[in-house]
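Input: a single structure, listed below in structure tokens.
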Amino acid sequence: MDFSSIFNYLQDHVKRKILNFLVLIPFWTIPFTLFKPDFFDYPIYVQLSFLFCLSLCWYLVHVLHFLLFTSIFLIKPERTYDMMFEYMTSVGIFFICIFILIGYYFSVSMTKFLLIAFVSMAALISLYLIVGVIKEIRGR
């Protein structure tokens, strides 16, 4: 049984999630090229595993981000699940590009870049949680 037959056996929404996740991987090579070029001296399996882990973390952060966003700000919950995965990857790529631009402009290291990117997303998620709590209190 090869990969294509396994992939064809999956349901459509699972295929979309896998492809959305895989699209993020090439965008993580840009920060390494700009901020840590000696990363490419490591073996290819180390590079791919590290890019895979970063993309998975970024994907999960954006799943949480969009789950909170849709549950707080959207009224029709039956449409939110399908819509979330359609836009999540493009918004994730947009945020990566914005953080790359900020990091490149201020000439930060790779560690600072990762800190800026993930702490900013955590702050945005915290803001959504605060807005959700305030909205619940006012709704009572």
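A quick note: this is a predicted structure, and the numbers were derived from the prediction, not measured.
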Intermediate values then yes/no, ring pair (Phe, Tyr, Trp, His ring centres under 6.0 Å), Phe21 and Phe52:
CA-CA 9 Å; Phe21 165 69; Phe52 180 84; 5.1 Å; yes
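- Residues Gln47 and Asp41 share a closest heavy-atom pair of NE2-N, 4.3 Å.
- Counting heavy atoms from C-beta outward, Phe118 and Leu54 have side chains that approach closer than 4.5 Å.
- Ring geometry for His62 against His65 counts as perpendicular: the plane angle is over 60°, on a 0 to 90° scale with 30° as the lower cut.
- Atom OG1 of Thr33 is separated from atom CE of Met110 by 9.5 Å, given to the nearest 0.5 angstrom.
- Between Ile116 atom CD1 and Phe106 atom CZ the span is 8.5 Å, to the nearest 0.5 Å.
- Trp58 places no side-chain N or O within donor-acceptor distance of the main-chain N or O of Leu24, the cut-off being under 3.5 Å.
- By the 4.5 Å heavy-atom criterion applied to side chains, Leu124 and Phe95 are counted as neighbours.
- Between Leu114 atom CG and Ser109 atom OG the span is 8.5 Å, to the nearest 0.5 Å.
- Contact annotation: the side chain of Phe32 never approaches that of Pro37 to less than 4.5 Å [non-hydrogen atoms, C-beta and beyond].
- Counting non-hydrogen atoms of other residues, nucleotides and ligands closer than 6.0 Å to CZ of Phe40 gives a total above 12.
- Distance CG/Leu56 to CD1/Ile25: 9.0 Å, rounded to 0.5 Å.
- Minimum interatomic distance between Ile100 and Leu34 (heavy atoms only, all atoms of both residues): CG2-CD1, 3.7 Å.
- Using a 4.5 Å heavy-atom threshold, the side chains of Phe50 and Phe39 count as touching.
- With rounding to the nearest 0.5 Å, the separation of CG in Leu60 from OG in Ser55 is 10.5 Å.
- A heavy-atom distance below 4.5 Å is not found between the side chains of Phe35 and Lys112.
- Within the 4.5 Å cutoff, side-chain heavy atoms of Phe27 are placed close to those of Ile30.
- Ring-plane geometry between Trp28 and Phe113 is classed as perpendicular, the angle between the planes exceeding 60 degrees on a 0 to 90 degree scale with a lower cut at 30.
- Inter-residue side-chain proximity for Ile102 and Val108 is flagged as unmet; no heavy-atom pair is nearer than 4.5 Å.
- Put simply, CD1 on Ile96 and CG on Leu101 are 13.5 Å apart, with the number rounded to the nearest 0.5 Å.
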